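Everything below concerns the one structure shown next.
Keep in mind the model is a prediction, meaning the values are calculated, not measured.
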Amino acid sequence: MDRTAGKEGGYHAIPHCSIRGQSGGTLPVAMLCTACIVLFASEAGAQCTARDVLQNHLTLKRTPSANTPPIPVKSAVAVPVWKTITVGTFKHSFALLNALDAAGCGIGDSAAEILARPAFTVSATKTTVELIAVSAAELGFQTDTASLAKIYARAQQLGFGLAAAEVAPQLRLQYFDQPMGEFIIGMEPIKTWKGEPVILTVANGGAGLVLIGRDGSADAEIPVASRFLFVRSNEAAFKAVHGVDEAAALVHH
């Protein structure tokens, strides 16, 4: 797959420095240009690597959260927004993929394949999306695992909508302070070239920030402690990309 396509919508651009000048001034100007580029590169460097993640955690000095029993969710309306992100900031999926590369984010094989599929689209309009992150346990499941189909059905009953596929990679680019050990599942499944449904996961496994794929079939058993990304079912940004019925059909197909 050619990841050089579509750089006009890319992540960062190196500032232009001219080396033209009077006689004898080319080398100093060129050296200044090089310093300019190096300085910019250091500021716009990868932010997904293990070293950058560790530096973020040391800077933020996060305190470990206490393990408290999940509180069952009764309605999506009562759940506060977890994070607000922006979608529609890239012209096409190749530009989005280039941005992930530029940030040094790890991309799993199945995730890379999903981003290259025709079914993966980006919003044509720049829009803010309010995300809600809840676990299957908070949706009311009390067993160790639950099928993806049942989790989807329960979420929709409570007023949650499935997040569009673009949300997961956009969140990866806008969530550099993700706690270590956290795996958040982006909701809408997309099929691989072989027809296998995959859902994207935004993760920090300790070796850097990654975007990976996992089984998105209806009968896939998911640990109830796993957290999922949702939007409220009446979110205009969600409706503009895909409908709940379409996403559910992808799972049950």
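Remark: side-chain polar atoms of T201 are not paired, donor with acceptor, to backbone N or O of A203 under 3.5 angstrom. Side-chain atoms of T128 do not come within 3.5 Å of backbone N or O of T86 as any donor-acceptor pair.
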Please list every donor-acceptor pair under 3.5 Å in which a side-chain atom of residues 74-84 meets a protein atom from a residue at least two apart or in another chain.
from	atom 1	to	atom 2	distance (Å)
S75	OG	V77	N	3.3

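Seen from the ring of F141, R154 counts as a face-on cation partner, given the 6.0 Å and 45° thresholds.
Atoms OG and CD, on S123 and Q170 in that order, are 9.5 Å from each other to the nearest 0.5 Å. Atom-to-atom distance recorded for N204:CG and C48:SG is 9.5 Å, nearest 0.5 angstrom. Within the model, atoms CG of L131 and OH of Y175 stand 11.0 Å from one another, a figure rounded to the nearest 0.5 Å. To the nearest 0.5 Å, atom CG of residue L115 and atom CD of residue E166 are 9.5 Å apart. To the nearest 0.5 Å, atoms CZ (F120) and CG (L97) are separated by 9.0 Å.
By the criterion of side-chain heavy atoms lying less than 4.5 angstrom apart, applied directly or through intervening Ile, Leu, Val, Met, Phe, Trp or Tyr residues, F228 is not grouped with I212; the two fall into different hydrophobic clusters.
Inter-residue side-chain proximity for D144 and P223 is flagged as unmet; no heavy-atom pair is nearer than 4.5 Å.
The minimum heavy-atom distance linking A116 with W193 is given by the pair O-CZ2, 4.3 Å. A pairwise comparison of heavy atoms in A155 and L139 identifies CB-CD1, 4.2 Å as the closest pair. Across all their heavy atoms, R214 and S226 have their closest contact at NH1-OG, 4.4 Å.
Applying the side-chain contact (heavy atoms from CB on, under 4.5 Å) rule to A111 yields the partners I107, L200, L211; only residues at least two apart in sequence or on another chain are considered. Residues passing the salt bridge (charged side-chain N to carboxylate O under 4.0 Å, His left out) test with E182, sequence neighbours excluded: R227.
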